[in-house]
Amino acid sequence: MMKRIFSLACMALFILASCTAPGSKEQKSESTENAALSNIFARKSVRTYLDKSVEKEKIDLLLRAGMAAPSGRDLRPWEFVVVSERSKLDSLAAGLPYAKMLAQAQQAIIVCGDSARSSYWYLDCSAAAQNILLAAESMGLGAVWTAAYPYEDRMGVVRKYTSLPENILPLCVIPLGYPANKERAKQKFDEKKIHYNQY
Ligand SMILES: Cc1cc2nc3c(=O)[nH]c(=O)nc-3n(C[C@H](O)[C@H](O)[C@H](O)COP(=O)(O)O)c2cc1C
């Protein structure tokens, strides 16, 4: 009898442990205790900033995060232009229709790619840009992807103020700053988007 009670208790404990173990369904929900996942779920586009510069060490970490991205054949075709000159930020804000927040930001990182080095350049650079956005979120910074590629006119504006060589294409301009407002990430999980084995 005692043996039976003991084995039933062990079974119950095992079931309880496997439900709460890292990697179980609960841990993957948006209210996770996994710091990396929490940061992914908390990331949002931030378009208003305090009148406060982002420290150089933090910009360096953002660039390191960008360069930690995966890339096809490990070619790393990215180049990063850090813009902190007021006149350049204002000129970019004036020329780019959907990046007016650059006029408020004190820094921006332009993620560029070498199209001659890799035909995957914009995919690799998108991974780098996402790493920068996630790193910014994790440091309490606000950032947003504003598009340059594939719009010739917007790429032309970026080229004009950054003297990029012909083969280096600007993918996006990421304004950076300390968020002026407390914003929440959108809830995007949608079960209907998931397909198992077939669509
Ligand atoms: C390829 C791409 C281009 C984007 N271009 C712009 C842009 O030009 N200006 C802007 O304000 N936001 C831009 N965004 C940000 C999106 O508007 C934003 O990611 C989307 O509304 C979802 O909001 P969230 O980032 O807060 O989750 C862009 C995002 C991506 C991925």
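Counting from 1, the numbers follow the sequence of the chain as shown. For ligands, and for the atoms within them, numbers begin at 1 and follow the listed sequence.
- Here the shortest heavy-atom pairing between Ala99 and Thr146 reads CB-OG1, 3.7 Å.
- To the nearest 0.5 angstrom, Arg43 atom CZ is 12.0 Å from Phe41 atom CZ.
- Of all atoms in ligand 1, numbered sequentially from 1 with element shown, those under 4.0 Å from a heavy atom of Met101 are 11 (O).
- There is no side-chain donor-acceptor pair under 3.5 Å between Asn39 and Ser138.
- Scanning the protein for heavy atoms near atom 7 (C) of ligand 1, the closest one is Thr146 CA, 3.5 Å.
- Listed by number with element, the atoms of ligand 1 under 4.0 Å from a non-hydrogen atom of Lys188 are 22 (C), 24 (P), 27 (O).
- Taking the side chain as every heavy atom from C-beta outward, Leu176 and Tyr49 never approach each other to under 4.5 Å.
- No side-chain donor from either of Gln104 and Asp51 sits under 3.5 Å from a side-chain acceptor of the other.
- Atom 21 (O) of ligand 1 has its closest protein heavy atom at Lys186 NZ, 3.1 Å.
- Contact record, Ala93 with Ala103: CB-N, 3.6 Å, taken as the closest heavy-atom pair.
- The shortest separation from a heavy atom of Arg43 to ligand 1 is under 4.0 Å, placing the residue in contact.
- When hydrogens are left out, the protein atom nearest atom 26 (O) of ligand 1 is Ser45 N, 2.8 Å; that is the closest non-hydrogen contact.
- At a threshold of 4.5 Å between non-hydrogen side-chain atoms, the residues Ile194 and Phe189 count as touching.
- Close N/O approach between Lys44 and ligand 1 is not found [any backbone or side-chain N/O within under 3.5 Å].
- Closest to atom 29 (C) of ligand 1 by heavy atom, among Tyr98, Tyr122, Tyr151, Trp145, is Trp145.
- The part of Val144 lying near ligand 1 is the side chain, judged by heavy-atom distances below 4.0 Å.
- Listed by number with element, the atoms of ligand 1 under 4.0 angstrom from any heavy atom of Ala147 are 3 (C), 5 (N), 6 (C), 7 (C), 8 (O).
- Ranked by closest heavy atom to atom 17 (O) of ligand 1, the top entry among Gln130, Arg47, Lys100, Arg154 is Arg47.
- Within 6.0 Å of OH in Tyr178 there are more than 12 heavy atoms belonging to other residues, nucleotides or ligands.
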